[in-house]
2 protein chains.
Amino acid sequence: MKKVNSDIAYEFIREKILNGKYPPGHALMTEVLSSEIGVSRTPVREALHRLKADGLVSIKAHLGASVKKMGVKEFREMCDLRLALEGHATGLAALNHSQTDLRRIKFALEAMRGLTERIVAAKSEEPLIDELRSEDVHFHVAIMTAAKNDLIKSEILRLHLINRLLFLPSTETEEQLSPVSKKDSDRNRLKVMESHDEIYEAIAKHDAPAAKRAMEHHIQDIIDKSLRAIAMSGEGGISRVLTDEELIYSG
Amino acid sequence: MKKVNSDIAYEFIREKILNGKYPPGHALMTEVLSSEIGVSRTPVREALHRLKADGLVSIKAHLGASVKKMGVKEFREMCDLRLALEGHATGLAALNHSQTDLRRIKFALEAMRGLTERIVAAKSEEPLIDELRSEDVHFHVAIMTAAKNDLIKSEILRLHLINRLLFLPSTETEEQLSPVSKKDSDRNRLKVMESHDEIYEAIAKHDAPAAKRAMEHHIQDIIDKSLRAIAMSGEGGISRVLTDEELIYSG
DNA sequence: TATTGGATGTTGTATTCAATAAGTTTGAGC
DNA sequence: GCTCAAACTTATTGAATACAACATCCAATA
């Protein structure tokens with residue numbers, strides 16, 4: 001599969017958005033981007049429209065494109081959608097998973113357990129958090145894969161990328177200082193592990209309703225936490241809130 | 001909101017696809033379309049990419065675009081997704097609906113009841129079927145609106161449009177002859193009315209779990225019917241199957 | 001001060017050019 | 001004479017550039 005210029009532009013811009021180089025609200029002008037990327041405006045335009053379809057960019061005719069800024073209403077709606085989809089997919093995973101799928105889920109689960117224990121035991125949490133987040137992603141993706149429905153899986157992944165817009169590593173000088181104490185974070189981490197255990201057990205037992213319930217509960221926790229963070233951080237238009245490693249799919 | 005050429009091209013092509021003028025698999029060449037629509041290739045290209053994002057068109061680099069042809073696997077996945085979304089949305093509708101929402105739902109419900117009775121009583125079903133289908137759409141859309149989640153609503157509407165690709169009025173000479181007897185169709189119509197009543201009652205009572213269950217059951221019926229039709233009609237790649245008025249959102 | 005007119009910059013569109021894929025012809029080898 | 005392959009032809013997409021339309025800003029003027 002040969003990569004065309006529009007793909008290059010797409011990946012370039014997408015990367016910058018997800019890295020926070022282009023923060024929410026940042027204007028995306030075709031001329032600037034085209035000279036920066038090294039292709040003409042045409043493929044850049046195409047890339048921007050694809051990103052709009054992904055929900056990462058908003059475009060208004062004659063007014064140009066900008067990185068999507070999510071409002072509180074939109075955020076709540078997205079959370080709700082995610083709850084429904086991921087819950088359903090987990091139910092499917094309980095029914096459809098293969099032994100390989102199950103092993104992969106278990107592997108991510110145990111990796112997270114090890115990391116969590118080490119983090120809780122350690123004074124500083126810094127170096128292991130990225131790994132933990134990464135394994136968290138693995139865990140959830142493994143479940144979505146086990147559900148054996150590519151359409152739902154891709155839809156969920158799309159939502160998580162949009163979600164990520166809200167919890168970007170800060171580009172500005174101020175480093176993201178965690179507002180919660182390590183003790184609180186640790187308690188949360190242990191709670192996450194419990195939820196994951198519960199989800200895994202239900203899937204392993206082919207208990208679809210239980211798996212679904214457990215996942216819905218888990219995600220509701222995450223959503224509650226996000227909404228609290230947003231409420232504290234900014235009112236009205238959400239621009240950026242503090243990172244938090246148990247907000248999954250952020251690594 | 002001024003309409004730009006790319007919008008014109010988008011609506012033009014979309015319309016033709018949904019009408020069956022461009023059947024699944026039909027090649028969509030930019031040159032041809034641009035001369036037919038009266039705009040240059042550039043906005044046509046853009047329109048095709050938007051339609052790809054909608055799921056109505058598939059594009060391969062250097063090979064061009066064509067109207068989406070859905071495989072059986074993809075169709076099953078879509079049904080599953082729809083079940084999850086529409087079920088969830090109906091639960092939300094039970095919780096969030098306003099009195100106006102409820103009135104609108106009731107109105108569509110009663111319109112359908114009247115039409116159904118007249119169709120069952122009549123010898124021929126022809127003239128009223130389109131109206132019935134239209135009211136069916138109204139009923140479901142009214143519920144999605146009552147759910148108060150625009151994101152989920154638009155997602156569901158998108159799925160229904162894709163779904164419609166499978167149940168297009170035939171473009172070819174052979175008119176879509178209903179393979180089921182009127183008696184069978186009538187029985188089905190009455191069953192649909194029962195399901196709708198059940199859904200409405202649950203929403204009116206603010207009983208979210210019951211509403212959700214009822215809607216899931218209803219949609220599962222529709223899916224089963226679709227799959228049977230597909231199984232009878234064609235194997236492997238689904239190109240076109242017979243129309244059926246209780247396949248909602250088709251009018 | 002409010003408004004209108006132009007200056008400027010950016011998007012949207014058309015057109016031209018380049019690259020790719022498929023189809024066709026030509027020709028060498030058997 | 002037939003087959004297969006390679007080169008050429010053609011059709012169509014992808015990209016670049018040139019041009020037109022629109023929105024915004026600023027200044028001049030009533």
- Summary of salt bridge (charged side-chain N to carboxylate O under 4.0 Å, His left out) pairs that have at least one residue in residues 36-45 of chain A, sequence neighbours excluded: Arg45(A)-Glu46(B)

- Message: For the CZ atom on Arg50(B), are there more than 12 heavy atoms of other groups (residues, nucleotides or ligands in this structure) within a distance under 6.0 Å?
- Response: yes

Measure the distance from [atom1] on [X] to [atom2] on [N] and round it to the nearest whole Å.
{"X": "Ile8(A)", "N": "dG14(D)", "atom1": "CD1", "atom2": "P", "value": "14 Å"}
{"X": "Met29(B)", "N": "dA11(D)", "atom1": "CE", "atom2": "P", "value": "11 Å"}
{"X": "Asn5(A)", "N": "dT13(D)", "atom1": "CG", "atom2": "P", "value": "18 Å"}

- Which residues, if any, of residues 31-45 of chain A bring a heavy atom under 4.0 Å of DNA chain D? Val39(A), Ser40(A), Arg41(A), Thr42(A), Pro43(A)

- Query: Can you tell me how far OH of Tyr22(A) sits from OG of Ser66(A), rounded to the nearest 0.5 angstrom?
  - Reply: 13.5 Å

- Distance-only polar pair, side chains of His88(A) and Asp80(B), donor-acceptor under 3.5 Å: yes

- DNA chain C: first to last nucleotide in contact with chain B (atom under 4.0 angstrom from a heavy atom), 5' to 3', is dG12(C) to dA22(C)

- Sorted by chain and residue number, the side-chain contact (heavy atoms from CB on, under 4.5 Å) partners of Ala65(B) (sequence neighbours excluded) come out as Leu28(B), Leu48(B), Val57(B), Ile59(B)

- Task: Under the side-chain hydrogen bond (donor to acceptor under 3.5 Å, both in side chains) rule, collect the residues that match up with Ser34(B), sequence neighbours excluded.
- Result: none

Please produce a list of atom pairs where a protein N or O lies less than 3.5 Å from an N or O of nucleotides 21-24 of chain D.
residue, atom, partner, partner atom, Å
dC22(D), OP1, Lys2(B), NZ, 2.7

- Test side chain to side chain contact (heavy atoms under 4.5 Å, CB included) on Glu86(A) and Glu155(A) and set out the steps. CA-CA 10 Å; Glu86(A) 214 156 331; Glu155(A) 200 62 20; over 6 Å; no

- Decide, yes or no, whether a salt bridge links Glu77(B) with Lys148(A) under the criterion of side-chain N to carboxylate O below 4.0 Å. no

- Phe12(A) six-ring face occupied by Lys16(A) cation (under 6.0 Å, within 45°): yes

- Item | Closest contact, heavy atoms only, Phe139(B) versus Ile105(B) | CE1-CG2, 3.5 Å

